[in-house]
Amino acid sequence: MINRHPLRQLNLFITAFITLLMSFSAFSQKTESTTLAKIKLTIDDQQVIVNLLDTPASHQLLALLPLTLTFSDYVGAEKIAYLPQRLITQGMASAAHISGDFTYYAPWGNLALFYQGVGTNSQLYTLGHIESGRSVLANLKQDFVATISRVE
């Protein structure tokens with residue numbers, strides 16, 4: 001006589017594991033890739049379009065728009081500008097940045113648009129992703145003024 005009880009336990013375990021993985025995958029896709037809004041940075045006659053993720057800090061940023069800021073280059077990989085007020089990042093997961101990320105650096109209270117490079121920082125939070133215009137940022141060698149507004 002074959003004991004089928006261990007096979008049932010294994011089958012239940014595998015089913016539960018697959019269900020858990022599917023739930024986690026759906027949750028991470030929703031929290032990390034749900035677009036809240038599109039914003040644009042207008043620099044003279046050029047634009048950079050950003051898809052904002054649905055995060056608490058992104059909601060706060062939207063409430064500040066339109067906003068005109070002075071950006072400067074930082075370490076040849078990102079353009080940074082200081083916000084008039086700090087964003088609340090409590091409950092947000094910090095993230096590794098990659099080229100094309102639109103981020104917020106909490107210790108300095110600045111936005112950072114990464115036009116090249118990759119890295120990590122425990123106090124850097126992804127607000128969105130650059131959809132178009134990354135080359136515009138890379139080609140700007142001096143400080144510049146940009147107006148950030150919501151794309152309607």
Side-chain angles (χ1 to χ4, degrees), residues 13-152:
F13 174 77
I14 291 172
T15 302
F17 183 72
I18 290 171
T19 302
L20 179 65
L21 282 178
M22 290 171 51
S23 298
F24 178 75
S25 175
F27 174 76
S28 66
Q29 286 176 359
K30 182 178 190 309
T31 58
E32 293 179 10
S33 64
T34 302
T35 300
L36 171 65
K38 275 190 186 193
I39 61 172
K40 64 182 174 181
L41 286 78
T42 303
I43 308 155
D44 295 325
D45 62 344
Q46 302 178 89
Q47 291 186 342
V48 176
I49 304 296
V50 174
N51 292 315
L52 276 186
L53 298 176
D54 192 358
T55 68
S58 294
H59 282 271
Q60 294 169 25
L61 179 63
L62 273 179
L64 297 174
L65 301 183
L67 195 58
T68 300
L69 301 172
T70 300
F71 285 81
S72 58
D73 194 77
Y74 187 73
V75 300
E78 60 188 280
K79 302 296 184 185
I80 64 170
Y82 295 90
L83 292 170
Q85 68 185 54
R86 292 189 179 268
L87 303 179
I88 298 170
T89 57
Q90 185 176 9
M92 289 180 62
S94 62
H97 69 270
I98 59 170
S99 183
D101 278 352
F102 179 76
T103 65
Y104 176 70
Y105 185 58
W108 294 354
N110 68 279
L111 295 176
L113 289 89
F114 287 89
Y115 58 89
Q116 65 181 15
V118 295
T120 59
N121 188 298
S122 64
Q123 295 189 38
L124 186 70
Y125 301 91
T126 302
L127 301 178
H129 304 289
I130 299 171
E131 177 182 298
S132 64
R134 192 178 330 164
S135 63
V136 170
L137 297 173
N139 291 329
L140 292 167
K141 302 302 179 199
Q142 300 195 8
D143 292 0
F144 61 91
V145 173
T147 299
I148 306 173
S149 59
R150 187 175 187 150
V151 174
E152 298 301 329

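Screening I39, T126, L36 for a side chain to side chain contact (heavy atoms under 4.5 Å, CB included) with S58, the sole residue that qualifies is L36.
For the residue pair Q60 and L87, the shortest heavy atom distance occurs at OE1-CA, 3.0 Å. Of all non-hydrogen atoms in A146 and I43, the two that sit nearest each other are CB-CG1, 3.7 Å. Among all heavy-atom pairs drawn from E78 and A112, the shortest one is OE1-CB, 3.2 Å. Closest of all the heavy-atom pairs between R86 and G109 is NH1-N, 3.2 Å. Nearest heavy-atom pair across A37 and L62 is CB-CD1, 3.9 Å. Annotation for T89 and A106: closest pair OG1-CB, 4.4 Å, computed over non-hydrogen atoms.
Residues L83 and Y104 meet the side-chain proximity criterion, which asks for heavy atoms closer than 4.5 Å. Two residues are said to be in side-chain contact when any heavy atoms from C-beta on lie closer than 4.5 Å; H129 and L53 meet this criterion. Contact check for F71 versus L113: side-chain heavy atoms found under the 4.5 Å cut-off. Y105 has its side chain within reach of N121: a pair of non-hydrogen atoms, C-beta onward, lies under 4.5 Å apart.
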| message | Please evaluate residues F144 and K79 with respect to the criterion side chain to side chain contact (heavy atoms under 4.5 Å, CB included), reporting the C-alpha separation (whole Å), side-chain torsions for both, the decisive distance (0.1 Å), and the verdict. | response | CA-CA 10 Å; F144 61 91; K79 302 296 184 185; 3.9 Å; yes

| said: Run the side chain to side chain contact (heavy atoms under 4.5 Å, CB included) test on S149 and K40 for me, step by step, so that the C-alpha distance in whole Å, both residues' side-chain angles and the decisive distance to 0.1 Å come before the verdict. | reply: CA-CA 6 Å; S149 59; K40 64 182 174 181; 3.4 Å; yes

| message | With side chain to side chain contact (heavy atoms under 4.5 Å, CB included) as the criterion, how do V136 and L41 come out once you've worked through the C-alpha distance, each side chain's angles and the decisive distance to 0.1 Å? | response | CA-CA 11 Å; V136 170; L41 286 78; over 6 Å; no

| Would I148 and V50 count as a side chain to side chain contact (heavy atoms under 4.5 Å, CB included) if you check the C-alpha gap in whole Å, the side-chain angles of each, and the deciding distance to 0.1 Å? | CA-CA 10 Å; I148 306 173; V50 174; over 6 Å; no

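In terms of modelled atom types and a separation under 3.5 Å, the side chain of Q116 and the main chain of G76 share a donor-acceptor contact. Side chain of S99 to backbone of Y115: a donor-acceptor contact under 3.5 angstrom is found.
E131 contributes atom CD, which lies 4.5 Å from atom CG of N51 (distance to the nearest 0.5 angstrom). With values rounded to the nearest 0.5 angstrom, T103 atom OG1 is found 11.5 Å from I98 atom CD1. Put simply, OH on Y82 and CG on L69 are 12.0 Å apart, with the number rounded to the nearest 0.5 Å. Note that CG of D143 is 5.0 Å distant from OG of S72, once rounded to the nearest 0.5 Å. Between atom CG of residue D101 and atom CZ of residue R134 there is a gap of 8.5 Å, rounded to the nearest 0.5 Å. Note that CZ of F114 is 10.0 Å distant from CD1 of I130, once rounded to the nearest 0.5 Å.
In Y74, the OH atom is not crowded: 12 or fewer heavy atoms of neighbouring residues, nucleotides or ligands sit closer than 6.0 Å. Heavy-atom contacts from other residues, nucleotides or ligands closer than 6.0 Å to CD1 of I88 number 12 or fewer.
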